[in-house]
Amino acid sequence: MAGIYAKNARYEEALKRYKKAEELGKADKEHVFMDHLQAQALIYEILGRYTEAYEYVQRQIDFLNDEWNITEGADVDALEEEKNRLLNLLL
């Protein structure tokens, strides 16, 4: 549902659904993904809420570390670049 709301530019409703899905997903340790973190970062940036976008990019980095023990490499580098880009928007 969140993705449908986001595609229709109903961003606040999408964020509510992503947060609800995140709460429900915490109990499901077998199927752990970070798509919702990526989507929320994008929505926050669209809304001009760069602090929250930055936070969700950091949460993606934390997810890679916590769930997959990935601390370096192309994925982490790309996310660090995204954080720097968002930080520049905050300044």
Exercise: do Gln40 and Tyr18 side chains pair donor with acceptor under 3.5 Å: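 No, Tyr18 and Gln40 have no side-chain donor paired with an acceptor closer than 3.5 Å.
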Lys7/Ile4 under side-chain contact (heavy atoms from CB on, under 4.5 Å): CA gap, chis, key distance, verdict: CA-CA 5 Å; Lys7 280 186 176 187; Ile4 292 169; 5.8 Å; no
Side chain proximity check, Asn8 to Glu13, heavy atoms < 4.5 angstrom: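 They are not in side-chain contact.
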Heavy-atom side-chain contact between Asn65 and Asp62 under 4.5 Å: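 A side-chain contact is absent here, since even the closest heavy-atom pair is not under 4.5 Å.
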Test of understanding: clusters of I, L, V, M, F, W, Y form through side-chain heavy atoms closer than 4.5 Å, transitively. Do [X] and [Y] belong to the same one?
{"X": "Ile70", "Y": "Tyr56", "value": "yes"}
{"X": "Tyr5", "Y": "Leu37", "value": "no"}
{"X": "Leu87", "Y": "Leu79", "value": "yes"}

Interatomic distance, Met1 atom CE to Arg10 atom CZ [nearest 0.5 angstrom]: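 Rounded to the nearest 0.5 Å, the CE-CZ separation comes to 8.0 Å.
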With sequence neighbours excluded, residues passing side-chain contact (heavy atoms from CB on, under 4.5 Å) with Lys20: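 So Lys20 forms a side-chain contact (heavy atoms from CB on, under 4.5 Å) with Glu23, Leu24.
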For Glu80, all residues meeting side-chain contact (heavy atoms from CB on, under 4.5 Å), sequence neighbours excluded: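 By the side-chain contact (heavy atoms from CB on, under 4.5 Å) rule, Glu80 matches Ile61, Val76, Lys83.
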Which donor-acceptor pairs under 3.5 Å do side chains of residues 41-51 form with protein atoms, sequence neighbours excluded?
{"residue": "Tyr44", "atom": "OH", "partner": "Lys19", "partner atom": "NZ", "Å": "3.0"}
{"residue": "Glu45", "atom": "OE1", "partner": "Arg85", "partner atom": "NH2", "Å": "2.7"}
{"residue": "Glu45", "atom": "OE2", "partner": "Arg85", "partner atom": "NH1", "Å": "2.8"}
{"residue": "Glu45", "atom": "OE2", "partner": "Arg85", "partner atom": "NH2", "Å": "2.9"}
{"residue": "Arg49", "atom": "NE", "partner": "Glu52", "partner atom": "OE2", "Å": "3.4"}
{"residue": "Arg49", "atom": "NH1", "partner": "Glu12", "partner atom": "OE2", "Å": "3.2"}
{"residue": "Arg49", "atom": "NH2", "partner": "Glu52", "partner atom": "OE2", "Å": "3.4"}

Nearest heavy-atom neighbours spanning Ala14 and Ala2: CB-O, 3.4 Å
